[in-house]
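I have placed the structure first, in the form of structure tokens, so that the comments after it can refer back to it.
Chain letters run A, B, ... following the sequence lines, proteins first, then strands; residues in each count from 1.
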Amino acid sequence: MQLVEVYMREYFRDLDALGVKRPDISPRATGQLVEMIEAIQSLIEKGYAYEVNGNVFFDVSRFEDYGKLSKIKPEAMLAGSRFEAHPDKRDPKDFALWKRASKDALLKWWSPWGYGFPGWHIECAVMGMKYLGPQFDIHGGARDLIFPHHENEIAQCEALTGKKPFVRYWLHTGFLTINGEKMAKSLGNYITVRDALEKYDAEAIRLFVLSTHYRSEIDFTDKKLRDSETNLGRLYNTLENLEGAMERSLGREPTEMEKQFEERVEELRTRFVEAMDEDFNTPRALATLFDLSREINRFLEEKKQMSTELLKRVHGCFLELGKVLGLFQKKRTKKVSEKLVNDLVNLLVELRENLRSKGDYELSDEIRAKLNKLGVVVEDTSEGSKWKLV
RNA sequence: GCCGGGGUGGCCGAGUGGUACAGGCGGCGGGCUGCAGACCCGCUACACGUGGGUUCGAUUCCCACCCCCGGCUCCA
């Protein structure tokens with residue numbers, strides 16, 4: 001339990017760093033033992049489960065819809081199976097709801113069937129239903145969980161509640177590979193979130209992930225992450241271009257041309273929303289964002305003074321769409337280090353010395369006066385110019 | 001072996017029964033710049049794994065094959 005605590009904190013730390021929102025509830029299996037035992041009992045009573053030697057199994061033959069998610073035909077499941085079926089099972093397809101614990105098991109709980117621990121699938125089913133109710137709108141998970149885990153969750157929950165479907169939309173994500181091969185400790189080619197964050201910008205990592213549809217496999221390579229950084233820079237440039245234009249804009253009504261442009265922006269906004277509505281098609285949404293970016297830059301090329309009102313709305317729209325993808329959250333107030341201040345003042349003083357040696361006292365005096373105003377006192381001594389902050 | 005997903009331009013990656021508008025990266029050329037950067041424009045682009053079939057028409061539907069990935073109730 002202590003371990004769980006540690007990993008949970010570490011996990012949340014990484015989520016925060018990536019800009020992923022934390023869940024409202026993060027339940028633990030060990031906190032729902034009573035509910036799990038109740039659920040298993042209920043399944044036995046309803047005839048969907050049976051107990052043998054302190055083990056409880058779900059009777060797959062009693063659940064007609066079994067296999068509807070993974071499209072696996074129960075008859076075909078046995079062929080080629082890599083493992084021996086548990087001897088107490090009536091049928092190899094049945095899966096464990098409760099497992100008898102061995103004497104020296106570290107984790108075990110008392111139950112109507114003796115000491116044991118819950119099966120994997122019942123944990124999620126019970127926790128989910130406890131907090132979300134008997135039916136979910138959306139259930140996520142990676143592709144490898146479709147069978148058996150999600151299939152078994154459906155069997156348990158629908159058998160328990162009689163309500164179908166247990167889940168309306170399944171969101172199954174593709175795998176993350178690295179340089180074309182799967183990440184594995186044994187291959188030594190894995191990368192942790194923390195390593196990645198040290199090397200790449202958090203929003204660039206987001207952009208990388210979003211550039212492939214969530215259902216597809218995604219391959220982590222250095223080049224792609226760099227590309228993502230370039231791409232992110234592009235979007236931020238547009239943001240800065242817009243902000244620059246806003247500074248020199250005018251408080252007048254938008255012109256006809258500006259109104260037309262705004263309509264175009266609105267059109268792209270709609271396209272973005274449509275892409276997201278279509279099963280979170282983030283690559284297409286991103287494409288629209290880049291279209292928008294290019295068109296904003298093109299429009300700004302005019303270099304005319306634009307209507308403040310118009311620019312505000314366009315800027316708001318661009319920010320809004322980026323925010324949907326978790327972008328543009330960076331604090332862009334450039335942090336100025338003490339070293340940079342030193343270097344910059346030194347640079348100015350050096351340039352000024354140059355001017356003085358050439359006899360341009362007018363400009364060098366001006367520089368000294370202006371620095372003075374900024375709180376930098378320059379003193380010309382026989383050993384050269386010195387400066388200090390006041 | 002069985003089940004599922006996939007093979008699109010130099011690279012990545014969307015999409016679709018009717019000339020492939022995706023988008024990005026890279027490369028080339030041009031514009032704007034005193035120069036550079038940013039930005040814009042054009043080109044790169046001769047891209048839909050292979051072979052059949054259905055269709056007036058297939059990259060898109062069907063079948064077979066090849067290759068890649070995952071699952072097949074160990075553990076979570």
**Item:** Euclidean distance for P, rC21(B) against rC43(B) (whole angstrom)
**Value:** 14 Å
**Item:** First of P148(A) and L145(A) reached from the 5' end of RNA chain B, by closest nucleotide
**Value:** P148(A)
**Request:** Please identify each residue that fulfils side chain to side chain contact (heavy atoms under 4.5 Å, CB included) with R294(A), with sequence neighbours left out.
**Result:** D291(A), R298(A)
**Request:** Report yes if at least one side-chain N or O of N241(A) is closer than 4.0 Å to OP1 or OP2 of rC39(B); otherwise report no.
**Result:** no
**Item:** RNA chain B: 5'-proximal contact among G119(A) and D94(A) (nearest heavy atom)
**Value:** D94(A)
**Request:** Considering just the side-chain nitrogens and oxygens of S216(A), establish if one lies under 4.0 Å of OP1 or OP2 belonging to rA14(B).
**Result:** yes
**Fill in**
d(F95(A) CZ, F58(A) CZ) to nearest 0.5 Å is 5.0 Å
**Asked** Looking at Y236(A), is K330(A) sitting on its ring face, NZ or CZ under 6.0 Å from the six-membered ring centre and within 45 degrees of the normal?
**Response** yes
**Message:** How close do L268(A) and T288(A) get, counting heavy atoms only, and between which atoms?
**Reply:** O-CG2, 3.1 Å
**Prompt:** What integer distance in Å separates F95(A):CZ from rC75(B):P?
**Reply:** 13 Å
**Request:** For rU55(B) and rC63(B), measure between their C1' atoms and round to the nearest Å.
**Result:** 16 Å
**Nearest-Å distance once atom P is located in both rG17(B) and rA38(B)** = 40 Å
What N/O pairs connect the protein and nucleotides 4-11 of chain B at under 3.5 Å? Give each pair on its own line.
| from | atom 1 | to | atom 2 | distance (Å) |
| --- | --- | --- | --- | --- |
| rG5(B) | O2' | R143(A) | NH2 | 3.1 |

**Any pair counted as side-chain hydrogen bond (donor to acceptor under 3.5 Å, both in side chains), so long as it reaches residues 112-121 of chain A, sequence neighbours left out** = W120(A)-H149(A), H121(A)-N152(A)
**Prompt:** What distance, rounded to whole Å, do you find between the two P atoms, one in rG15(B) and one in rG6(B)?
**Reply:** 10 Å
**Request:** Verify the contact: side-chain N or O of R234(A) to OP1 or OP2 of rA38(B), cut-off strictly under 4.0 Å; return yes or no.
**Result:** no
**Message:** Could you tell me how far apart L210(A) (CG) and rG24(B) (C1') are, to the nearest whole angstrom?
**Reply:** 14 Å
**Message:** For a quick check of understanding: with a heavy-atom distance under 4.0 Å over all strands, which category does E123(A) fall into, base, sugar-phosphate or nothing?
**Reply:** sugar-phosphate
**Prompt:** Base, sugar-phosphate, or nothing: which does R226(A) touch, judged by heavy atoms less than 4.0 Å apart?
**Reply:** nothing
**Message:** For rC40(B) and N297(A) - does any side-chain N or O of the residue sit under 4.0 Å from the phosphate oxygens OP1/OP2?
**Reply:** yes
**Prompt:** Got a sec, which residues hit ring-ring contact (aromatic ring centres under 6.0 Å, His included) with F57(A), two or more places apart in sequence or on another chain?
**Reply:** Y50(A), H86(A)
**Item:** Neighbours of RNA chain B within residues 281-293 of chain A, by heavy-atom distance under 4.0 Å
**Value:** N281(A), P283(A), R284(A), A287(A), F290(A), D291(A)
**C1' spacing across the pair rU50(B) / rU8(B), given as an integer number of angstrom** = 15 Å
**Message:** Check this one for me: any side-chain N or O of K224(A) less than 4.0 Å away from OP1 or OP2 of rG13(B)?
**Reply:** yes
**Asked** Which distance, rounded to the nearest 0.5 Å, do you find between the CD of E203(A) and the CD of E229(A)?
**Response** 11.5 Å
**Message:** Applying a 3.5 angstrom cut-off to the pairing atoms, does RNA chain B sit in any stems of at least three consecutive Watson-Crick or G-U pairs? List them by first number.
**Reply:** B:1-7 with B:66-72, B:10-12 with B:23-25, B:26-31 with B:39-44, B:49-53 with B:61-65
**Item:** Integer angstrom distance from the P of rG42(B) to that of rC61(B)
**Value:** 33 Å
**Message:** Students often get this wrong, so: under 4.0 angstrom with heavy atoms, is H213(A) touching a base, only sugar-phosphate, or nothing?
**Reply:** sugar-phosphate
